[in-house]
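Let me begin by presenting the structure, written as structure tokens, before commenting on it.
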Amino acid sequence: MSIPQPRATVASIPAYVAGKPPAPRPGQQVYKLSSNENPYPPLPGVVEAAEAAVAQMNRYPDMGNTALYDALAERLGVRRERLAAGTGSVAVLYHLLQAFCDPGDEVVYAWRSFEAYPIAVSATGGTSVQVPVTADGRHDLDAMAAAITDRTRLVLVCSPNNPTGTAVRRGELERFLDQVPRDVLVVIDEAYCEFVRDAEVPDALEVYRERANVAVLRTFSKAYGLAGLRVGYAVAHPPVADALRKTAVPFGVSSIAQAAAVASLAAEDELLQRVAALVEERTRVQAALREQGWSSVPDSQANFVWLRLGERTTELAAACDAAGVVVRPFAGEGARVTIGEPEANDVFLQVAKAFAG
């Protein structure tokens with residue numbers, strides 16, 4: 001008996017592996033350091049704004065994201081017609097791929113990088129061209145430029161890179177962009193840009209303003225702490241932004257998410273304090289790891305650290321789990337560990353000490 005079959009490419013789509021939540025344990029505090037979430041509660045005024053929006057849930061959300069675009073345009077210094085929102089920056093990435101890739105078109109990106117990239121490319125019929133990161137977890141931009149062919153439509157640059165935490169510096173990015181054909185769209189994924197402290201890492205919006213083939217992805221899930229509401233956006237030149245709004249799911253960003261994002265933008269002082277505290281914790285954790293003997297820990301510019309463990313990755317993850325912290329293992333490669341509460345970071349460091357060297 002024949003039954004409907006999905007497209008052949010669907011069978012090849014890898015499954016997204018989300019960060020595992022910790023299982024409650026009597027008498028033991030457990031922590032989740034597996035999903036790069038913000039450990040702080042919503043910013044001041046956000047819950048109140050979300051609750052007010054809940055009272056109108058019988059109405060569709062504003063499909064034009066008017067208040068959100070107005071707030072972002074003012075904050076970022078861009079025209080609102082250059083903005084396109086979606087249910088998280090990963091949804092906006094799907095919209096980009098739908099808008100620019102025909103079946104078989106190539107998308108170049110570093111690997112290992114964000115786990116959703118190969119899924120999104122395959123789901124939209126594109127072909128992934130994965131370029132290995134360097135030994136210290138950085139984008140090999142020369143190799144990425146060499147991988148561009150006549151079939152390349154998009155290049156994804158994840159900076160800071162998930163899961164290694166490394167960021168692309170201004171000089172190397174400019175040299176790379178000079179090599180990219182003008183009809184190839186370069187998407188700079190800046191999900192963790194608020195945590196960057198390296199002065200040589202550019203604000204991608206500065207690059208976008210000078211290059212017609214550059215677009216920028218950002219999110220409210222990380223620094224702003226709205227991971228559960230799913231709202232992200234792109235900043236792009238009008239032809240790209242127009243295409244994104246056309247391919248977006250109608251009414252995708254909920255009224256609650258829009259209201260929470262606008263309120264979060266209004267709480268910048270508190271946001272900066274929280275980000276500064278997480279960066280301070282990141283510095284402390286990285287210094288402690290290196291003192292333990294983890295000489296290969298990359299210089300993270302995100303809210304997580306990366307440990308290259310190879311075949312010992314699952315062993316470390318299991319030891320962390322037993323101690324009450326859940327990390328994100330990539331079997332055979334390494335573990336990504338979110339910077340969370342100081343108490344959680346301390347538990348992780350105790351486990352890491354046994355694996356040092």
Side-chain angles (χ1 to χ4, degrees), residues 72 75-79 82-84 89 92-93 96-97 100-101 105-114 117 128-219 222-223 232-241 243-244 279 298-302 306:
L72 283 171
R75 173 60 53 81
L76 303 176
V78 300
R79 298 177 67 87
R82 300 191 172 207
L83 295 163
S89 58
V92 184
L93 172 61
L96 277 164
L97 294 166
F100 286 90
C101 286
D105 283 345
E106 295 174 350
V107 181
V108 175
Y109 54 89
W111 195 254
R112 178 168 288 275
S113 192
F114 183 29
Y117 290 165
S128 286
V129 178
Q130 299 179 346
V131 179
V133 296
T134 62
D136 56 354
R138 299 182 60 79
H139 280 52
D140 187 342
L141 292 176
D142 288 337
M144 290 176 66
I148 295 173
T149 72
D150 292 341
R151 293 303 306 270
T152 305
R153 297 304 308 277
L154 267 78
V155 177
L156 305 177
V157 177
C158 189
S159 181
N161 186 47
N162 177 10
T164 62
T166 57
V168 175
R169 295 190 171 99
R170 181 177 285 102
E172 60 181 340
L173 179 61
E174 293 289 354
R175 288 190 296 272
F176 170 71
L177 291 172
D178 286 342
Q179 301 176 70
V180 177
R182 294 185 180 181
D183 62 345
V184 173
L185 180 63
V186 178
V187 181
I188 304 177
D189 187 345
E190 282 197 319
Y192 303 93
C193 63
E194 292 86 358
F195 301 99
V196 172
R197 292 298 181 270
D198 184 343
E200 291 302 312
V201 176
D203 179 334
L205 291 180
E206 298 174 2
V207 181
Y208 137 84
R209 289 186 173 96
E210 299 173 355
R211 308 262 182 172
N213 66 331
V214 170
V216 181
L217 290 181
R218 290 187 175 176
T219 183
K222 307 305 180 184
Y233 61 94
V235 182
H237 294 278
V240 177
L244 287 176
V279 169
D299 180 22
S300 176
Q301 294 296 312
W306 171 251

If the condition is side chain to side chain donor-acceptor pair (under 3.5 Å), which residues does [X] pass it with, not counting sequence neighbours?
X      : answer
Asp142 : none
Thr219 : Ser221
Glu194 : none
Asn161 : Ser113, Thr164

Can you find a pair of side-chain heavy atoms, one from [X] and one from [Y], that are under 4.5 Å apart?
X      : Y      : answer
Val157 : Val186 : yes
Tyr117 : Cys158 : yes
Leu96  : Leu244 : yes
Val196 : Pro160 : yes
Arg82  : Tyr208 : yes
Tyr233 : Leu76  : yes
Met144 : Val129 : no
Val155 : Val107 : no

(Q) Is it true that, when you exclude Arg79 itself, more than 12 heavy atoms of the residues, nucleotides or ligands shown sit nearer than 6.0 Å to its CZ? (A) no

Q) Can a salt bridge be assigned to the pair Asp203 and Arg218 using a cut-off of 4.0 Å between side-chain N and carboxylate O? A) yes

Q: Please step through side chain to side chain contact (heavy atoms under 4.5 Å, CB included) for the pair Asp140 and Val133, ending with a clear verdict.
A: CA-CA 6 Å; Asp140 187 342; Val133 296; over 6 Å; no

Q) To the nearest 0.5 Å, how far apart are OG in Ser89 and CD in Glu190? A) 11.0 Å

Q: To the nearest 0.5 Å, tell me how far Ile148 CD1 sits from Gln179 CD.
A: 8.0 Å

Q: Hey, could you give me each pair passing salt bridge (Lys or Arg N to Asp or Glu O under 4.0 Å) that has a residue in residues 145-165? Not counting sequence neighbours.
A: Asp105-Arg151, Asp105-Arg153

Q: Keeping to residues at least two apart or across chains, list the salt bridge (Lys or Arg N to Asp or Glu O under 4.0 Å) pairs with something in residues 159-176.
A: Arg138-Glu172, Arg169-Asp198, Arg170-Glu206, Glu174-Arg211

Q) Is there a donor-acceptor contact under 3.5 Å from the side chain of Gln301 to the main chain of Arg197? A) yes

Q. Is the backbone N or O of Val184 less than 3.5 Å from a side-chain atom of Asn213, with the two atoms forming a donor-acceptor pair by type?
A. yes

Q.
As a test of understanding, state which of Val108, Val187, Asp189 forms a side-chain contact (heavy atoms from CB on, under 4.5 Å) with Leu156.
A. Val187

If you compare all heavy atoms of [X] against all heavy atoms of [Y], which two are closest, and at what distance to 0.1 Å?
X      : Y      : value
Trp306 : Pro298 : O-CD, 3.3 Å
Thr166 : Gly137 : OG1-O, 2.7 Å
Gly77  : Arg209 : O-NH2, 3.3 Å

(Q) Please determine whether side chain to side chain contact (heavy atoms under 4.5 Å, CB included) holds for the pair Tyr109 and Ser128, giving the CA-CA distance in whole Å, both sets of side-chain angles, and the decisive distance to 0.1 Å. (A) CA-CA 8 Å; Tyr109 54 89; Ser128 286; 2.7 Å; yes

